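In what follows, a single structure is set out as structure tokens and then discussed.
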Amino acid sequence: MGDDCRRPPLPGAEPVDVTTQIVTAIAGRGGVASEQVIGSGTIFDSARFRTLLAAHLGISPTYIDARVLGEHGDSEVLHWSGAAAGNLSVAEVAR
């Protein structure tokens with residue numbers, strides 16, 4: 001990590017969380033602060049969740065606010081109780 005490297009490392013391989021941890025350790029040896037390493041975590045899973053909810057409800061994904069929580073993979077959780085379509089809960093919209 002030379003002085004000319006100004007962009008934060010962005011790991012893009014599976015498993016995301018493990019790869020991010022490894023990149024953080026390697027970057028730290030080169031003087032890059034751990035806060036500058038960006039891992040995607042469950043962001044792609046959250047995007048898929050929003051897209052599927054929107055398709056089921058027949059609305060645009062831009063109106064859906066929903067998250068996948070936890071570590072990417074088998075331990076992640078769909079946060080159904082926090083999912084919303086506009087300013088209504090998804091449960092209200094689906095009735």
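Since the model is a prediction, treat every value here as computed from it, not as a measurement.
Follow the hydrophobic side-chain contacts under 4.5 Å out from L52 and you never reach L78; the two are in separate clusters. Taking hydrophobic clusters as Ile, Leu, Val, Met, Phe, Trp and Tyr residues chained together by side-chain heavy-atom distances below 4.5 Å, F49 shares a cluster with L57. In the hydrophobic clustering of ILVMFWY residues, with side-chain heavy atoms under 4.5 Å counting as a link, V68 and I38 come out apart.
With contacts defined as side-chain heavy-atom distances shorter than 4.5 Å, the pair L69/T42 does not qualify.
Sorted by first and then second residue, the side-chain hydrogen bond (donor to acceptor under 3.5 Å, both in side chains) pairs involving residues 45-54 (not counting sequence neighbours) are D45-R48, D45-H72.
With sequence neighbours excluded, the residues that form a side chain to side chain donor-acceptor pair (under 3.5 Å) with E92 are S89. Applying the side chain to side chain contact (heavy atoms under 4.5 Å, CB included) test to A83 and every residue at least two apart in sequence or in another chain returns L53, A66, V90.
Considering CZ of R67 and CD1 of I43, their distance stands at 9.0 Å, rounded to 0.5 Å.
The environment of CD in Q21 is sparse: at most 12 heavy-atom neighbours from other residues, nucleotides or ligands sit within 6.0 Å.
Here the rule is side chain to side chain contact (heavy atoms under 4.5 Å, CB included) with V37, and of I26, I22, V23 only V23 fits it.
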